[in-house]
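One structure below.
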Amino acid sequence: MRRSLLPALLLGASLVALPAHAATPPQQPAQGPGGRDYTSTEVVKRALGTASSGTFVFHGNDEPSTRRPVVVFLHSWGAVNPGLYGGWIDHLARKGHLVLFPRFQEVNRSRPADASNLAEDLIQNALAELADDPKAKPDKERIAFIGHSAGVPIALNLAAGASSGKVPAPKLIFGLMPGGIASNEKERGILLRDLSAVDPATMIITMSGDRDYLPSDRASRLLLQQASAVPASRKLFMRAPSDDHGFPALTATLASPGSPKADYDASAIKLPPDPPRDPKQRNTWRWSADMSLSGPQTILTQQLGTNGTDALDFLAFWKTFDLASDAAFAGKEASALLRDPKFVDMSTWSDGWPVKRLLAQMPKGEGPADKGEPAPRRKLNMAPPETKQGLAHRADPAGRASEKWSRFSLTRPSGSAPNDAQAQELSIGPKSASPLLGPML
């Protein structure tokens, strides 16, 4: 009996000890895009506006010789605390950017339908107040938007409204896990403006995680299609992969962009209080159900606060934005990024095994409004359309055109094995009969 138990005990002991000997994920690069070669050692953290309508401001504690590129960080619905994204904000500010974090939502008191207009006003006021600040020194010619979840459609709305003169047109929109788009005024969510007004010179990149990709894929497809004035060469659709080769595993979920950092917590950067309300002024505020957070929104906000900063942050989000912003500010197209093998590279685990690469595609063009019935084909090609792989979608029965996508391939030496970006197809997911793209904001 004792002899028969010995193999089981040895196996159990080896399994318990496995994480201690498992490969570890890559760390932050020492230099370059996503790296820790920072130009500033200290970050100025302050707030403009008031408690109900304010903007958090972050930049290096130095006086730059040239104006700083501006990054507007648009949070997900409910994630109004910059500390939830503190690691990324710290990286951006120490790399030399001026980071604006407009708090376009007052939890349980403001509606998603009003978020775009409020964000527009907050950014306009912040840029005006910082225009002559010797340390902030915003460069209105180099502006990029980062959006997470509901922040992505808000970013597109702001870009579409740039002709009003309130907010300068961004050179780059980097949207992570887009969602929370309402199909009409009665639904909870962000109602899209006319996105055909987005400047054709804008670079637009959307990215989803492979663990929660279908709603984000549908939202990405809708946003990229409606920004019709922007050519396909300036658009990219990307996906961050999960990888459990080592320990801890890399898991690309809706909360992955979260990188909590206590130094950036809103409680340490207090917004000025609201001025006393005039008792003679009529109170027009009325509560509505969409002001409160839904269950998924509450869960997402909690997960952002517990999400660890890992290789997905360094190499999928931070590095991609650094490369894309450099290209966009230089006037390059998104297609230029695909020619750089480093763009999708995620480095290696500690044992030398490659981390799964990012997947990247660009739109090829729009199909005709109605393709009609396909002509008879030979038996060899008679497989039904729904069984075929790939990203070229037929028009739906209602006659709406779909945007086709060409799979991104990296150049590789003759005879070598295909890499992850070549070997995997990036499905954008089935079409939805309704443009409502999930309850997540």
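Residue numbers start at 1 and run along the sequence shown.
Residues in residues 244-253 take part in no salt bridge (charged side-chain N to carboxylate O under 4.0 Å, His left out) pair, two or more places apart or across chains. For residues 198-207, the side-chain hydrogen bond (donor to acceptor under 3.5 Å, both in side chains) pairs, not counting sequence neighbours, are T206-S220. Sorted by first then second residue, the salt bridge (charged side-chain N to carboxylate O under 4.0 Å, His left out) pairs that include residues 95-110, not counting sequence neighbours, are D37-K95, E106-R109. Contacts classified as salt bridge (charged side-chain N to carboxylate O under 4.0 Å, His left out) and involving residues 153-169 (residues at least two apart or in different chains) are given here: D121-K166. Pairs engaging residues 142-157 under the salt bridge (charged side-chain N to carboxylate O under 4.0 Å, His left out) rule: D139-R142 [sequence neighbours left out]. A ring pair (Phe, Tyr, Trp, His ring centres under 6.0 Å) check over residues 34-55, counting only residues at least two apart or in different chains, returns the pairs Y38-H91.
P354 and T348 make their closest contact through CA-CG2, 4.0 Å (heavy atoms, listed as atom of the first residue, atom of the second, distance). Across all non-hydrogen atoms, the minimal contact from A229 to V198 is CB-O, 3.7 Å. Scanning all heavy atoms of the two residues, the minimum distance from A252 to A240 falls at CB-O, 3.3 Å. D243 and K356 get closest at one heavy-atom pair: OD2-N, 3.0 Å. Nearest heavy atoms, A79 versus Y85: CB-OH, 3.8 Å. Of all heavy-atom pairs spanning L304 and P260, the tightest one is O-CG, 3.2 Å.
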Step by step, would you call E120 with S164 a side chain to side chain contact (heavy atoms under 4.5 Å, CB included)? CA-CA 10 Å; E120 204 169 45; S164 68; 4.1 Å; yes
For a side chain to side chain contact (heavy atoms under 4.5 Å, CB included) check, start with the C-alpha distance between I89 and F56, then their side-chain angles and the critical distance, and finish with the verdict. CA-CA 11 Å; I89 294 173; F56 295 97; over 6 Å; no
side-chain hydrogen bond (donor to acceptor under 3.5 Å, both in side chains) assessment of S350 paired with T24: CA-CA 5 Å; S350 60; T24 56; 3.3 Å; yes
Using the rule given for side-chain hydrogen bond (donor to acceptor under 3.5 Å, both in side chains), can you reason through S259 versus D313, listing the C-alpha separation, both sets of side-chain angles and the distance that settles it, and then say yes or no? CA-CA 8 Å; S259 50; D313 297 288; 4.7 Å; no
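Here CG of L74 is found 11.5 Å from CG of L176. Values are rounded to the nearest 0.5 Å. One finds the CD atom of Q226 at 8.0 Å from the CD1 atom of I181 (value rounded to the nearest 0.5 Å). Atom CG in L315 sits 8.0 Å away from atom CG in D345 (nearest 0.5 Å).
Between S242 and L250, the closest side-chain pair of non-hydrogen atoms is not below 4.5 Å. Looking at heavy atoms from C-beta onward, P25 lies in side-chain contact with W349 at the 4.5 angstrom threshold. Under the 4.5 Å side-chain criterion, counting only non-hydrogen atoms from C-beta, T55 is not in contact with I123. Side-chain contact between V57 and V99: absent, with no pair of heavy atoms (C-beta onward) separated by less than 4.5 Å. Between L98 and P69 there is no side-chain heavy-atom pair separated by less than 4.5 Å. By the 4.5 Å heavy-atom criterion applied to side chains, L236 and L337 are counted as neighbours. The closest side-chain heavy-atom distance from T50 to P273 is not below 4.5 Å.
Scored by the side-chain contact (heavy atoms from CB on, under 4.5 Å) test, K342 finds D340 as partners (sequence neighbours excluded). Under the salt bridge (Lys or Arg N to Asp or Glu O under 4.0 Å) criterion, R234 pairs with no residue at all, not counting sequence neighbours. For R46, the salt bridge (Lys or Arg N to Asp or Glu O under 4.0 Å) partners at least two apart in sequence or on another chain are D133. Evaluation of the salt bridge (Lys or Arg N to Asp or Glu O under 4.0 Å) rule for E333 yields no partner, not counting sequence neighbours. Remark: N81 engages L84, D265, A266 in a side-chain contact (heavy atoms from CB on, under 4.5 Å) (not counting sequence neighbours). For D194, the side-chain contact (heavy atoms from CB on, under 4.5 Å) test picks out S196, with sequence neighbours left out.
Put simply, the side chain of Q297 gets close to the backbone of S294: a donor and an acceptor are under 3.5 Å apart. Remark: the backbone N or O of A255 is not paired with any side-chain donor or acceptor of H148 at under 3.5 angstrom.
Applying ring pair (Phe, Tyr, Trp, His ring centres under 6.0 Å) to W88 and the options F101, F58, F73 leaves one that passes, F73. The only member of D212, D210, D217 that meets salt bridge (Lys or Arg N to Asp or Glu O under 4.0 Å) when paired with R239 is D217.
Neither side chain, S292 nor N108, offers a donor N or O lying under 3.5 Å from an acceptor on the other.
Taking 4.0 Å as the cut-off between side-chain N and carboxylate O, D90 and R94 count as a salt-bridged pair. A salt bridge is absent between R111 and E185: the closest approach of a Lys/Arg side-chain nitrogen to an acidic carboxylate oxygen does not fall below 4.0 angstrom.
Both the sub-6.0 Å distance and the 45° axial angle are satisfied by K45 relative to the ring of Y264.
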